[in-house]
Amino acid sequence: MMNYQISRLINFGLQKGLIETDDVEYSVNMLLDVLQLDSFEFFKIEEELATAVPILEEMLEYSVNKGIINNSVTEKDLFDTRIMNCIMPRPNEVVNNFTSLYEKEGANSATDYFYNLSIASNYIRKTRTDKNIFFTYDSDYGEIEITINISKPEKDPKEILKSKNIVSTGYPKCALCKENVGFKGDFNRAARQTHRIIPIKLDNEEYYLQYSPYVYYNEHCIVLNKEHIPMKIDIETISKLFSFVEQFPHYMIGSNADLPVVGGSILSHDHFQGGRYIFPIENAKIMYSVKLEKYPSTSVELLKWPLSTIRLSSDKKKEVLELSEKILEKWKNYSNIDLNIINKTDEVRHNTITPIVRYENGKYIIYLTLRNNRTSEDYPFGIFHPHESLHHIKKENIGLIEVMGLAILPARLKTELELLGKCLLGQEDINKHESLEKHYDWYKDLKNKDFNENNVKEFIEEETAKIFVKALDDCGVFKLDETGSKAFIEFVESI
Ligand SMILES: [Zn+2]
């Protein structure tokens, strides 16, 4: 029985180019070892599968029944990665294939190869990530995108804040470190035997390219520093982002801010995120255009976007870089008491930027989103962070991806929103569900609105999206009202 499944997996590996004919016996023997079997007979297989999941499920069921592993999601995830490892190309083979495709056919072919490999190897659990919920909402800022991610646990900002200060002694130091390649994983950390990274150079500094196993959007990639060093936003960072899009012009790339509350979940390891995707922010309308004499060939636009964003574009990289640096330096030193923007308290810096870049038709384009991470008595989670009344939907940091208009909402919302729909229709009693307690005020508000049995799902999605947009509004340092807009324009024009 398992011989048949092994034959299927070998067939799959050959079809997907994970292994070659010369690797077959070697891979079979590795699989026999992992599955604790002693002999093998090859079955003729004629099938073509999109992913190895149907085969892995059979193997997992067998292994649970045989007592090789326990029947838990974590153990199964660790074990099916060990299984896939038996048909994986060595890291250097992947690097060589990528490099030779890049040289012969260009960046596009190289990333296509690497992305498809990451799916075929089940490193990206596509059957799982395909289950993520996705919908859009037509807001005042244009179309906003929402995903409810059901494949990753949520972190709260306090945990993330702590993470920056932790001196890691573990191995690997963090989930991004290059030492994760081949890592067996444990109960806290995913197995990474099927993980591969490609060395690249950004302005002569050594980085690696990998895909995110959680694929929040198409070809969601991560570029990580070779060393475990903290995130930092300065002009060198921005220059490195441009260096990336020069090499991979079909991708955009951005960096999370380098401060807690407004940054990403990992501040301790310098990294960027990119991909082949057009984000809502790129379609935002222009609120105001500025002409700066010193930078004649650069267009400077303030976007009609909830987070205060300046877009620069020019065919002169030097100009864009110089101007970006000016804006960054000016922002770091900017305070406006009337708007609650204070750049420093007790020598602790609060102002930073979330930068996003693209290289298109010979133009260098950068989005500079101004951020401030100060907290106050009224806003202990952050003045420019989703306010507490919105935490029932979104309490985590608004990081790079969300700045660009793609919400990543916590998994818990899938069941909560379904249940809430039933409560709205009178099929369930909200008071009987503890998980809906936090939604109670919202529920009362929704109850008075217009919906029916046929559209309740879409109705709740739209209302959820509205909350997310409010969360983004909270993060904007210059609000889009008259005072805020005026101050924002003054800020840019004074450069
Ligand atoms: Zn690290």
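Counting starts at 1 for both ligands and their atoms, in listed order. Excluded from the calculations below are hydrogen atoms, water molecules and symmetry mates; all remaining heavy atoms, backbone and side chain alike, are included.
- Arg276 meets the salt bridge (Lys or Arg N to Asp or Glu O under 4.0 Å) test with Asp112, Glu219; sequence neighbours excluded.
- Each protein N, O or S atom less than 2.8 Å from the Zn ion (ligand 1) was counted, giving 4.
- Phe381 contributes atom CZ, which lies 12.5 Å from atom CG of Leu390 (distance to the nearest 0.5 angstrom).
- Annotation for Ile150 and Asn132: closest pair N-OD1, 2.8 Å, computed over non-hydrogen atoms.
- Residues forming a ring pair (Phe, Tyr, Trp, His ring centres under 6.0 Å) with Phe244 (at least two apart in sequence, or on another chain): Phe248.
- With sequence neighbours excluded, the residues forming a side-chain hydrogen bond (donor to acceptor under 3.5 Å, both in side chains) with Thr309 are Thr369, listed by chain and number.
- A salt bridge does not link Arg90 to Asp23: none of the charged nitrogens lies less than 4.0 Å from a carboxylate oxygen.
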